[in-house]
A.B. asks: 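Once you've had a glance at the structure underneath, I'll fire off some questions.
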Amino acid sequence: MTLSEIDPIVPWLRRTRRSNEIVFDLVAWQFDIDGALDAEQQELVWRGREGLLLAGTELYLLACGLPLQPQRDQIEHTCAMLDLLARCNPPLASRVWELLRTAAPASIEALREQVDVVRAFLEKELSVPAAASCGAAIASWAEGIRVLREMAGAIGLAQDDGWYLHDTELDEQRGWYEEVLEIAELYS
């Protein structure tokens with residue numbers, strides 16, 4: 001690839017990388033929510049619900065080609081996100097604001113329902129499939145990593161082989177390349 005061919009790819013790489021970072025946040029929020037629901041940790045469920053809503057909303061904006069500029073703290077980030085969303089889709093911004101302002105219910109069952117409301121909103125109204133469940137978030141994250149690594153390899157960006165988590169039953173740490181070669185030996 002020539003430099004002129006790579007130049008338009010750079011913004012796509014940045015946007016895709018940021019998107020994958022947000023999806024990874026969704027994975028963490030999904031784990032937190034599921035564990036907190038099981039343990040009936042109401043405050044953590046509510047905090048997770050809020051985190052899921054904010055991360056999913058930012059992912060929606062990014063998919064619309066509207067990346068957020070870095071902010072000083074979470075409050076500033078949320079305000080900037082709501083402002084940007086209000087400029088492109090006021091009804092969605094109103095709905096996100098309404099969900100953020102919802103008072104935390106007192107029972108774990110009502111909390112579970114509120115989490116389901118946010119998951120459904122993100123999945124159906126904002127088209128964020130990674131918000132549906134922890135498994136959906138993990139699958140989305142893995143696909144994002146695969147695409148980024150493929151594109152980085154195609155344009156000749158250096159890649160670190162240490163990204164891969166190895167089989168925990170092995171006594172030694174090997175790179176993905178060695179593991180693939182070993183599997184290839186089994187079939188040769």
Side-chain angles (χ1 to χ4, degrees), residues 1-34 47-100 115 117-165 175-176:
M1 278 192 159
T2 66
L3 188 55
S4 63
E5 292 173 314
I6 292 173
D7 196 41
I9 295 172
V10 172
W12 178 88
L13 281 171
R14 284 189 181 122
R15 191 174 53 253
T16 303
R17 181 173 178 265
R18 178 62 186 141
S19 175
N20 219 45
E21 289 171 350
I22 297 167
V23 171
F24 193 72
D25 288 343
L26 286 175
V27 171
W29 287 122
Q30 295 282 17
F31 269 115
D32 284 352
I33 290 167
D34 291 348
R47 174 83 172 103
R49 174 197 169 274
E50 178 183 287
L52 188 69
L53 177 61
L54 295 174
T57 302
E58 184 175 355
L59 200 57
Y60 168 80
L61 287 169
L62 200 56
C64 292
L66 301 168
L68 284 171
Q69 297 302 312
Q71 303 297 320
R72 292 182 305 153
D73 58 34
Q74 185 62 37
I75 300 294
E76 292 293 327
H77 188 80
T78 301
C79 291
M81 183 174 56
L82 286 170
D83 182 54
L84 189 57
L85 185 58
R87 282 189 266 138
C88 75
N89 192 324
L92 279 180
S94 293
R95 181 69 174 126
V96 170
W97 180 242
E98 176 187 324
L99 288 168
L100 285 171
V115 167
V117 165
V118 166
R119 284 175 170 160
F121 170 74
L122 292 172
E123 184 182 17
K124 293 178 176 73
E125 293 183 51
L126 297 188
S127 300
V128 179
S133 68
C134 194
I138 292 168
S140 181
W141 177 79
E143 178 63 13
I145 289 292
R146 186 193 64 74
V147 168
L148 281 171
R149 288 189 60 80
E150 269 184 23
M151 183 56 72
I155 64 174
L157 290 177
Q159 297 184 39
D160 177 14
D161 287 342
W163 71 277
Y164 179 73
L165 292 177
W176 66 271

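Keep in mind the model is a prediction, meaning the values are calculated, not measured.
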A.B. asks: Would one find more than 12 heavy atoms of other residues, nucleotides or ligands at under 6.0 Å from atom CD of Gln69?
C.D. replies: no
A.B. asks: Which pair of non-hydrogen atoms, one from Ala86 and one from Pro90, has the smallest distance, and what is that distance?
C.D. replies: O-CG, 3.2 Å
A.B. asks: For residues 20-32, which residue pairs pass the salt bridge (Lys or Arg N to Asp or Glu O under 4.0 Å) check, not counting sequence neighbours?
C.D. replies: Arg17-Glu21, Arg18-Glu21
A.B. asks: Among residues at least two apart in sequence or on other chains, which ones pass salt bridge (Lys or Arg N to Asp or Glu O under 4.0 Å) with Glu125?
C.D. replies: none
A.B. asks: What are the two closest non-hydrogen atoms of Gly56 and Val128, and how far apart are they?
C.D. replies: O-CG2, 3.5 Å
A.B. asks: Take Thr57 and Leu122 through the test side chain to side chain contact (heavy atoms under 4.5 Å, CB included) and record every step on the way to the result.
C.D. replies: CA-CA 7 Å; Thr57 302; Leu122 292 172; 4.2 Å; yes
A.B. asks: Any side-chain heavy atom of Phe121 within less than 4.5 Å of one from Leu92?
C.D. replies: yes
A.B. asks: Could you go through Tyr60 and Val96, starting from their C-alpha distance and side-chain angles, then the distance that decides it, and tell me whether this counts as side chain to side chain contact (heavy atoms under 4.5 Å, CB included)?
C.D. replies: CA-CA 12 Å; Tyr60 168 80; Val96 170; over 6 Å; no
A.B. asks: Minimum heavy-atom separation for Leu82 to Trp97, with atom names?
C.D. replies: CD1-CE3, 3.6 Å
A.B. asks: How long is the gap from CD1 on Ile33 to OG on Ser133, to the nearest 0.5 Å?
C.D. replies: 11.0 Å
A.B. asks: So which heavy atom on Ser140 is nearest to which on Asn20, and how close?
C.D. replies: O-OD1, 4.1 Å
A.B. asks: What residues form a salt bridge (Lys or Arg N to Asp or Glu O under 4.0 Å) with Glu123, not counting sequence neighbours?
C.D. replies: none
A.B. asks: Give the minimum heavy-atom separation between Trp29 and Gly48, together with the two atoms involved.
C.D. replies: CE3-CA, 3.4 Å
A.B. asks: What is the minimum heavy-atom distance between Ile22 and Ala55, and which atoms define it?
C.D. replies: CG2-O, 3.2 Å
A.B. asks: Could you check whether any side-chain heavy atom of Leu100 comes within less than 4.5 Å of a side-chain heavy atom of Leu54, counting everything from C-beta outward?
C.D. replies: yes
A.B. asks: To the nearest 0.5 Å, what is the distance between CG (Leu68) and SG (Cys79)?
C.D. replies: 11.5 Å
A.B. asks: Could you please spell out the steps behind the side chain to side chain contact (heavy atoms under 4.5 Å, CB included) verdict for Arg49 and Val117?
C.D. replies: CA-CA 10 Å; Arg49 174 197 169 274; Val117 165; 5.9 Å; no
A.B. asks: Once rounded to the nearest 0.5 Å, what's the spacing between atom CG of Leu61 and atom CG of Leu84?
C.D. replies: 5.0 Å
A.B. asks: Can you tell me how far CE of Met81 sits from CG of Leu62, rounded to the nearest 0.5 angstrom?
C.D. replies: 12.0 Å
A.B. asks: For atom CZ of Arg47, decide whether the heavy atoms of other residues, nucleotides or ligands shown that lie under 6.0 angstrom number more than 12.
C.D. replies: no
A.B. asks: Within the 4.5 Å heavy-atom criterion, are Gln30 and Arg119 side-chain neighbours or not?
C.D. replies: yes
A.B. asks: Does Gln74 reach the side chain of Thr78, with side-chain heavy atoms less than 4.5 Å apart?
C.D. replies: yes
A.B. asks: Is Arg15 atom CZ crowded by more than 12 heavy atoms from other residues, nucleotides or ligands, each under 6.0 Å away?
C.D. replies: yes
